[in-house]
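Report on one structure; see the data block that follows.
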Protein chains: 2
Amino acid sequence: MSEELFLSALREWIEISMHRSRHAFIRNIRESDLSFSQINTLFRLYHHGSSPVNDLANHLGITTAAVSQLLEPLHQSGLIQRSESPNDRRVKLIALTDAGQALVNRSVQNRHAWLSELSEVLTQEEKEQLLPAIILLTERIHQLDVEAHPPCDSD
Amino acid sequence: MSEELFLSALREWIEISMHRSRHAFIRNIRESDLSFSQINTLFRLYHHGSSPVNDLANHLGITTAAVSQLLEPLHQSGLIQRSESPNDRRVKLIALTDAGQALVNRSVQNRHAWLSELSEVLTQEEKEQLLPAIILLTERIHQLDVEAHPPCDSD
DNA sequence: TATTATAGTTAAGCCCGTTTAACTATTAAG
DNA sequence: CTTAATAGTTAAACGGGCTTAACTATAATA
């Protein structure tokens, strides 16, 4: 099996999955009174944990001024909290509150609701074969994060 | 194995994958001179084939007036083409041109570039085990589309 | 200590994506 | 044939997300 074959199969699967989740994602944005950048901020915090305003701005590709402004309503709604970094008192660490975490969780469930349909067209035997493959892939993605940010060299 | 276990494993894998692709997606939008809705329009056409303006508006959650306006620059850039529906001359079918298709292809490659890194932390043996699982999942997603829009009952 | 750099906030102003409303063209219904 | 409904386009106006610029506070440097 060629490397390119494996990659293109993986790419096709992910692209189709993302497309399926896209419609729910768009509806989620329009129905909530949150902007594209605000939603992305919540998801960034969900996956990366607490982050400085700086990092969020870099991730979103906008200025820190814009981030500071979009954070304010999120704070008012009780979705995020700010805390000073113990190392550098200039830095404000932004983190999800429990309510924020719950909101993202609901959004994730919503986006991927179509997975239930997918599950229905799979036999029990197929699912048991697929499960270890999915778990392996998920583990190895986490491994990528560890290699990129080794725990020994604190950044 | 419980149904919920399988679903949550699948959901975690997809959510993490989508998050990994998200950063490239955001950069893609900011660097191109296309709006969020324009990008989504191109991807919608990429996956669904030619669509009436009506459908696009419904998918994006905006009015047909807005769609009509965002299509104009895409048409000027040669990314899409309009054609009259043979059944109903009021309907304009929007489709990607070859240039539009190429642009989306490049964008997809870009978004999922991190898959190469994932591939590097997998052994050849693991990849050979994973490939049929990925292909099975992809096939079954397509099956969902067929069931939702059976070819016999033309819609 | 004095100077420079960095992190974040605030306010003013701009840009552009969207809505509303008015219009044309085509199809469906009475 | 007449009327009503649907698909799409166009232009004016609105609103919100972003940038720029000015500012405060903390940290690093000389």
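Chain letters run A, B, ... following the sequence lines, proteins first, then strands; residues in each count from 1.
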*Rounded off to whole Å, could you give me the CD-to-C1' distance for the A:Q69 and C:dC14 pair?*
13 Å
_Nucleotide of C:dG8, D:dT9, D:dT10 approaching A:N54 most closely (side-chain heavy atoms)_ = C:dG8
*Between atom NZ in A:K92 and atom P in D:dA25, what is the gap in whole Å?*
11 Å
*Take atom CG of B:D55 and atom P of D:dA7, then tell me their distance rounded to the nearest Å.*
10 Å
_Consecutive Watson-Crick or G-U pairs in runs of at least 3, all under 3.5 Å, in which DNA chain C is involved_ = C:1-30 with D:1-30
*Would you kindly give the CZ-to-P distance between B:F36 and D:dC18, to the nearest whole Å?*
12 Å
_Interatomic distance, B:L137 atom CG to B:L10 atom CG [nearest 0.5 angstrom]_ = 6.5 Å
*Does B:T63 have a side-chain nitrogen or oxygen under 4.0 Å from the phosphate oxygens OP1 or OP2 of C:dT19?*
yes
*Go through the side-chain N and O atoms of A:K92 and A:S83 and say whether any donor and acceptor fall under 3.5 Å apart.*
no
*asked:* Please confirm whether the shortest side-chain N or O distance from B:R30 to OP1 or OP2 of D:dC18 is below 4.0 Å.
replied: yes
*Please determine if a side-chain N or O atom of A:R82 lies less than 4.0 Å away from the OP1 or OP2 oxygen of C:dT9.*
yes
*Test item: side-chain donor near acceptor, B:Q143 and B:E139, under 3.5 Å*: no
*In terms of the nearest nucleotide of DNA chain C, which residue is placed more toward the 5' end: A:L71 or B:P86?*
A:L71
*Over how many whole Å does the gap from A:L56 atom CG to C:dG8 atom P extend?*
9 Å
*Round to the nearest Å and state the distance from A:R89 atom CZ to C:dA5 atom P.*
23 Å
*Do the non-hydrogen side-chain atoms of B:S51 and B:L45 ever get within less than 4.5 Å of each other?*
yes
*Supply the atom-to-atom distance A:L96 CG to A:L79 CG, rounded to the nearest 0.5 angstrom.*
8.0 Å
*Give a yes/no on whether any side-chain N or O of B:S37 is located under 4.0 angstrom from OP1 or OP2 of C:dT18.*
yes
*Rounded to the nearest 0.5 Å, how far does CD of A:E128 lie from OG1 of A:T123?*
8.5 Å
_What is the distance, to the nearest angstrom, from the CG atom on A:L60 to the C1' atom on D:dT19?_
15 Å
*Among the candidates C:dT18, D:dT26, D:dA21, find the nucleotide nearest to the side-chain atoms of A:R90.*
D:dT26
*When you get a sec, tell me which of C:dT18, C:dT20, C:dT10 is the closest nucleotide to the side chain of B:A65?*
C:dT20
*asked:* Applying a 4.0 Å non-hydrogen cut-off, can you work out what B:E72 is touching in the nucleic acid: base, sugar-phosphate, or nothing?
replied: nothing
_Exercise: do B:Q81 and B:H75 side chains pair donor with acceptor under 3.5 Å_ = no
*To the side chain of B:V53, which of D:dC18, C:dT26, D:dG8 is closest?*
D:dG8
*To the nearest angstrom, how far is B:Q38 atom CD from C:dG17 atom C1'?*
9 Å
*Mind checking A:S35 for me? I need base, sugar-phosphate or nothing, with any heavy atom below 4.0 Å counting as a touch.*
sugar-phosphate
_A cation-pi test, strictly: NZ or CZ of B:R111 under 6.0 Å from the centre of the six-membered ring of B:F43 and no more than 45 degrees from its axis. Yes or no?_
yes
*Choose from D:dT20, C:dT18, D:dA7 the nucleotide whose nearest atom is closest to any side-chain atom of B:I62.*
C:dT18
*asked:* On DNA chain D, does the nearest nucleotide to A:L34 precede the nearest nucleotide to A:D88 from the 5' side, or the other way round? Give the residue.
replied: A:L34
